[in-house]
Amino acid sequence: MSRNGRTPRSSRCTAAGRSARQEGQAFVTGILTSRADFERAREWQLAEAADYDGYLLDTAVLLDEARRTFGLVQARMFHPEDFADFCLLHGLDPAEPVARDRYLVNPALQTQLLPYQGEELTGDFIPRLIRARESGLTLRHADLLVDGGLFEADEETDPAVKRAYQSAAELFRRMLVGAGAGTYQFRCAVEGPGGRLTAEARILHWEDGVVRINDEDIDLVVAVLCAGLYRELPGAALLHGTQGSAGACGEYRQVAWAWQSGGAGYRPATARLAGVEAEPGFSLGSVC
C-alpha cells in the first residue's frame with residue numbers, strides 16, 4: 001500500500017507521498033536496477049513479477065499510471081543492501097510495506113531522487129539512478145565537510161559556505177566557457193577526511209554557447225569543489241573530450257586539460273584522473 005492509500009497494481013517496490021524537496025503531491029518510487037538486486041529482493045516480496053524482465057515491464061506501466069495521476073513522479077535506486085541496513089537500524093521488518101515506505105521517503109536520501117519524465121528504463125534512466133545513488137552518498141559526505149551547509153535555506157547558510165559554493169560554481173563555469181564548443185567529460189576529485197570525494201559530468205557545449213549537463217551532475221560537481229575550497233583540501237579537475245563543432249567547418253581535436261589545487265584555488269597543472277592523462281589547462285583568470 002502506498003502512503004496516499006492507493007495500491008499500485010504493478011509493483012510493490014513503491015511508496016508515494018510528499019517529497020521533501022518539492023511542493024505539492026509527488027509519487028515516489030524505488031527501482032531495482034539489476035537482475036542480481038531483483039533476486040536479492042525476492043525474499044521481501046517487493047515485486048510480483050516472475051523475473052527481472054517482467055519486473056521492468058510492470059514498473060514501466062506503474063510509472064506511466066503515476067504520471068497521469070500525480071504529474072510529479074520521482075524515482076531512485078532501490079538498493080537491497082541499503083534497505084537491509086536501514087531496516088536493521090530502525091528495527092523494521094523488511095517484508096512489511098511500512099519498511100519500504102519509510103526507506104523510500106527517508107529525508108536523508110532525498111538527494112538520490114530523480115524526476116521521471118517518461119524515459120525508457122533500460123536506456124539512460126537506470127544508469128542515471130545508479131549514478132544518483134553514488135552521487136547522493138558523495139553529497140552527504142560533502143555536506144558533512146561544510147558543516148551541514150549544503151542543504152540549508154539561503155538565509156540560514158554560513159556566509160563562508162556560501163562564498164565557497166559561489167566560488168566553486170564560478171570555477172566550473174570558467175572551465176566550461178574556456179573550453180568552447182565540443183563534447184567533454186569533466187572529472188574532479190578532492191582528498192577529504194573520510195576518503196576521496198569524486199564527481200563527473202558529461203557535457204555538450206554548443207557553438208551558440210548553450211551547455212547541456214544533467215542537473216544532478218552540476219549539483220554534485222559544485223558540491224565537491226565547494227567542500228574542497230571551504231576546507232582548503234587538495235584536489236584536481238580534468239576536462240577532456242572533443243573540441244570543435246560542425247559550424248567550425250568540421251575542425252575537431254582531442255583535448256585533455258587539468259587543474260590542481262592545494263586548497264586555495266585551482267591552477268593549470270598536469271594530472272591523471274580515472275586513467276586519463278591531461279596537460280595543464282588554460283588560465284582560468286583569463287576567462288570572462
Side-chain angles (χ1 to χ4, degrees), residues 19-22 74-77 79 82 106-115 127-179 184-205 211-240 258-267 271 273-274 281 284:
S19 167
R21 301 181 69 191
Q22 299 283 349
Q74 296 174 305
R76 69 179 183 82
M77 178 182 181
H79 192 282
D82 289 355
N106 180 12
L109 302 177
Q110 295 297 300
T111 55
Q112 298 182 21
L113 286 169
L114 293 180
R128 284 181 64 200
L129 290 178
I130 296 170
R131 292 197 303 272
R133 173 184 173 268
E134 297 169 351
S135 299
L137 296 175
T138 301
L139 279 172
R140 300 309 303 180
H141 187 178
D143 189 46
L144 289 173
L145 293 180
V146 299
D147 302 320
L150 280 182
F151 306 114
E152 292 181 345
D154 284 345
E155 62 272 13
E156 300 171 355
T157 303
D158 181 336
V161 175
K162 185 178 294 187
R163 287 194 299 271
Y165 193 90
Q166 292 170 344
S167 295
E170 176 63 12
L171 176 69
F172 188 37
R173 186 193 72 82
R174 285 174 180 259
M175 290 176 180
L176 301 187
V177 171
Y184 306 103
Q185 186 84 12
F186 179 86
R187 292 183 172 90
C188 63
V190 168
E191 305 298 336
R196 170 182 278 198
L197 288 80
T198 62
E200 62 180 74
R202 291 178 293 179
I203 299 157
L204 291 177
H205 189 168
V211 177
R212 295 195 61 180
I213 317 173
N214 288 331
D215 288 344
E216 64 269 21
D217 293 339
I218 297 175
D219 292 343
L220 184 64
V221 165
V222 175
V224 169
L225 293 173
C226 171
L229 294 174
Y230 178 75
R231 294 290 295 268
E232 298 186 349
L233 301 170
L238 188 150
L239 186 67
H240 70 99
W259 299 265
Q260 286 190 337
S261 172
Y266 281 76
R267 295 176 176 81
L273 283 178
L284 298 175

Inset, instruction - Give every residue pair that meets the side chain to side chain donor-acceptor pair (under 3.5 Å) criterion with at least one member in residues 167-176, sequence neighbours excluded. - result: Glu170-Arg173, Glu170-Arg174
Legend entry - Nearest non-hydrogen partners of Ile213 and Ala201, listed with the distance: CG2-CB, 3.9 Å
Legend entry - Minimum heavy-atom distance between Cys188 and Val224, given as atom pair plus value: SG-CG1, 4.0 Å
Legend entry - For Gln166, all residues meeting side chain to side chain contact (heavy atoms under 4.5 Å, CB included), sequence neighbours excluded: Lys162
Legend entry - Under 3.5 Å: donor-acceptor pair, side chain of His205, backbone of Leu176: yes
Inset, instruction - Side-chain contact test, heavy atoms from C-beta onward, threshold under 4.5 Å: evaluate it for Val190 versus Pro234 and give yes or no. - result: no
Inset, instruction - Heavy atoms only: give me the nearest Gly263-Ser261 pair and the separation to one decimal. - result: N-OG, 2.8 Å
Inset, instruction - Would you sort out whether Trp259 and Leu239 count as a side-chain contact (heavy atoms from CB on, under 4.5 Å), showing the intermediate values? - result: CA-CA 9 Å; Trp259 299 265; Leu239 186 67; 4.1 Å; yes
Inset, instruction - Keeping the roles fixed (side chain from Glu232, backbone from Gly228), state whether a donor-acceptor pair exists under 3.5 Å. - result: no
Legend entry - Approximate separation, where rounding is to 0.5 Å, of Leu145 CG and Leu229 CG: 12.0 Å
Inset, instruction - Output all residues satisfying salt bridge (Lys or Arg N to Asp or Glu O under 4.0 Å) with Arg202, sequence neighbours left out; order by chain, then residue number. - result: Asp124
Inset, instruction - Check side chain to side chain contact (heavy atoms under 4.5 Å, CB included) between Ala75 and all other residues, then give those that pass, not counting sequence neighbours. - result: Thr29, Ile31, Phe125, Leu129
Legend entry - Spatial distance of atom CG (Leu150) from atom CG (Leu139) [nearest 0.5 Å]: 7.0 Å
Inset, instruction - With sequence neighbours excluded, give me every salt bridge (Lys or Arg N to Asp or Glu O under 4.0 Å) pair touching residues 130-144. - result: Asp82-Arg133
Inset, instruction - Over all heavy atoms of both residues, which pair between Gln260 and Ala271 is shortest? Give the atoms and the distance, please. - result: NE2-CB, 3.9 Å
Inset, instruction - Calculate, to the nearest 0.5 Å, the distance between atoms NE2 and CD belonging to His79 and Gln112 respectively. - result: 9.5 Å
Legend entry - Ring centre gap for Tyr230 and Tyr165 strictly below 6.0 Å: no
Inset, instruction - Could you pull out all residues at least two apart from His240 that satisfy side chain to side chain donor-acceptor pair (under 3.5 Å)? - result: Arg187
Inset, instruction - Please assess Phe186 against Met175 for the test side-chain contact (heavy atoms from CB on, under 4.5 Å), listing each intermediate value before the final yes or no. - result: CA-CA 9 Å; Phe186 179 86; Met175 290 176 180; 3.4 Å; yes
Legend entry - Exercise: identify the closest heavy-atom pair between Ser135 and Leu220: OG-CD2, 3.2 Å
Legend entry - Gap between atom CG of Leu225 and atom CG of Leu233 - 0.5 Å precision: 11.5 Å
Inset, instruction - Could you tell me whether the side chain of Leu204 reaches within less than 4.5 Å of the side chain of Val211, counting heavy atoms only? - result: no
Inset, instruction - Mind listing the closest non-hydrogen atom pair of His141 and Pro193 along with its distance? - result: NE2-O, 2.9 Å
Inset, instruction - Calculate, to the nearest 0.5 Å, the distance between atoms CD and CG belonging to Glu216 and Asn214 respectively. - result: 4.5 Å
Legend entry - From Gln74 atom CD to Leu114 atom CG, the distance as rounded to the nearest 0.5 Å: 9.0 Å
